[in-house]
Colleague: 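This structure is in structure tokens; I'll ask about it shortly.
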Amino acid sequence: MNRLAWAVAALGATGFLAALAFTGGRGGPGLEPFVPKGLMTIPVEDVREVDVIASHGHWHFVRTQAGWRATQGAPAATFETRLDSALKLLRNSGPDRVLTEAEVARAGVAQFGLAPPRLRVVVSGPGASVFAISFGGTNPMGLSHYARLDGRQEIALLPAFVVEEWERAGGAP
């Protein structure tokens with residue numbers, strides 16, 4: 001190839017890279033914008049109060065202009081960070097699977113460890129919006145926890161790290 005052909009190829013490659021840089025890259029699969037897939041629909045920044053109820057305690061947190069404040073229970077030292085993280089996980093981490101009402105009835109509710117629940121979280125948002133979820137036992141592989149929203153018959157399988165962050169926010173080691 002002669003020198004002119006190399007110069008044209010280099011100029012074309014440079015133009016292509018400049019176009020990618022100025023337009024934000026190529027669109028396509030795998031480059032879609034993030035969309036929260038969690039069960040909680042209340043935006044994290046709109047959450048005003050949180051109740052965490054476990055067998056070993058009950059914690060009530062209120063968001064003030066200065067940050068989170070515990071009004072009930074003795075939370076862990078870093079509860080503010082844990083609480084924000086737990087809320088983000090509940091909003092962003094979608095269920096691995098959702099068992100239908102028929103599947104739940106076939107297996108029996110007692111199989112999921114939700115009576116009584118291992119952990120219960122009640123989140124209050126603006127106005128009268130409330131999100132309540134109960135966490136039960138783990139699935140046979142131990143990687144997910146069964147969870148049920150108040151008023152729903154389906155049971156979701158949520159990743160274990162979601163429940164673990166809520167337990168830490170409430171003071172579990």
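Keep in mind that what you see is a predicted model, and the values were worked out from it rather than measured.
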Colleague: Would you give the length of the straight line joining atom CD of Glu167 to atom CZ of Arg118, rounded to the nearest 0.5 angstrom?
Modeller: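 Reported value, rounded in 0.5 Å steps: 4.0 Å.
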
Colleague: Would you check if Asp51 and Val121 make a side-chain contact, meaning some heavy-atom pair closer than 4.5 Å?
Modeller: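 SC-SC contact between Asp51 and Val121 ruled out.
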
Colleague: Search all heavy atoms of Trp68 against all heavy atoms of Arg63 and return the closest pair with its distance.
Modeller: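 Nearest pair, atom of Trp68 first, then Arg63: CZ2-NH2, 3.0 Å.
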
Colleague: Say you draw a straight line from CZ of Phe34 to CG of Asn92; how long is it, rounded to the nearest 0.5 Å?
Modeller: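 The distance works out to 4.0 Å.
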
Colleague: Answer yes or no: is there an ion pair linking Arg91 with Glu45, defined by an N-O contact shorter than 4.0 Å?
Modeller: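 No salt bridge links Arg91 with Glu45.
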
Colleague: Decide yes or no for Val130 and Val122: does some side-chain heavy atom of the first lie under 4.5 Å from some side-chain heavy atom of the second?
Modeller: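 Val130 vs Val122: side chains touch.
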
Colleague: Please find the pair of heavy atoms, one from Leu158 and one from Ala147, that lie closest to each other, and give the distance.
Modeller: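 Between these two residues, the closest heavy atoms are CD1-CB, 3.9 Å.
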
Colleague: Can you check salt bridge (charged side-chain N to carboxylate O under 4.0 Å, His left out) on Glu154 and Arg148, steps first, answer last?
Modeller: CA-CA 7 Å; Glu154 301 90 10; Arg148 176 181 270 172; over 6 Å; no

Colleague: About how many Å separate CD of Gln72 and CD1 of Ile53, when rounded to the nearest 0.5 Å?
Modeller: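 If I round to the nearest 0.5 Å, the distance is 8.5 Å.
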
Colleague: Hydrophobic cluster membership, with links at side-chain heavy-atom distances under 4.5 Å among I/L/V/M/F/W/Y: are Val98 and Leu157 in one?
Modeller: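 As far as the 4.5 Å side-chain criterion goes, Leu157 and Val98 are not connected within one cluster.
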
Colleague: Between Ser129 and Pro126, which heavy-atom pair has the shortest distance, and what is it?
Modeller: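 Reported closest heavy-atom pair: OG-O, 2.8 Å.
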
Colleague: I need the Leu143 CG to Thr138 OG1 distance, nearest 0.5 Å.
Modeller: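 It comes to 9.0 Å.
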
Colleague: Under 4.5 Å between any side-chain heavy atoms of Thr71 and Arg69, yes or no?
Modeller: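 Sidechains of Arg69 and Thr71: in contact.
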
Colleague: Arg152 versus Asp150: any side-chain heavy-atom pair under 4.5 Å?
Modeller: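 No, every pair of side-chain atoms sits at 4.5 Å or beyond.
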
Colleague: With a 4.5 Å cut-off on side-chain heavy-atom distances among I, L, V, M, F, W and Y, is there a chain of contacts connecting Val162 to Leu149?
Modeller: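 Both belong to a single hydrophobic cluster.
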
Colleague: In the structure I gave you, are the side-chain heavy atoms of Pro159 and Asp96 within less than 4.5 Å of one another anywhere?
Modeller: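 With C-beta onward as the side chain, the pair touches.
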
Colleague: Pair Arg120, Ser134 - check side-chain hydrogen bond (donor to acceptor under 3.5 Å, both in side chains), show working.
Modeller: CA-CA 4 Å; Arg120 182 167 165 74; Ser134 298; 3.1 Å; yes

Colleague: Side-chain contact test, heavy atoms from C-beta onward, threshold under 4.5 Å: evaluate it for Leu39 versus Leu90 and give yes or no.
Modeller: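 Side-chain contact under 4.5 Å: no.
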
Colleague: Nearest 0.5 angstrom please: Met40 CE to Phe131 CZ, how far?
Modeller: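 Reported to 0.5 Å precision, the distance equals 6.5 Å.
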
Colleague: Which distance, rounded to the nearest 0.5 Å, do you find between the CH2 of Trp166 and the CG of Leu119?
Modeller: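 Atom-to-atom, Trp166:CH2 and Leu119:CG are 8.5 Å apart.
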
Colleague: Just wondering, do Leu89 and Phe161 contact through their side chains at under 4.5 Å, heavy atoms?
Modeller: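 A side-chain contact under 4.5 Å exists here.
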
Colleague: Hey, could you give me each pair passing ring pair (Phe, Tyr, Trp, His ring centres under 6.0 Å) that has a residue in residues 69-103? Not counting sequence neighbours.
Modeller: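 Counting only pairs at least two positions apart or across chains, the ring pair (Phe, Tyr, Trp, His ring centres under 6.0 Å) contacts touching residues 69-103 are Phe61-Phe79.
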
Colleague: Does Ile133 belong to the same Ile/Leu/Val/Met/Phe/Trp/Tyr cluster as Tyr146, with side-chain heavy atoms less than 4.5 Å apart forming each link?
Modeller: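 No, Ile133 does not connect to Tyr146 through the hydrophobic network.
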
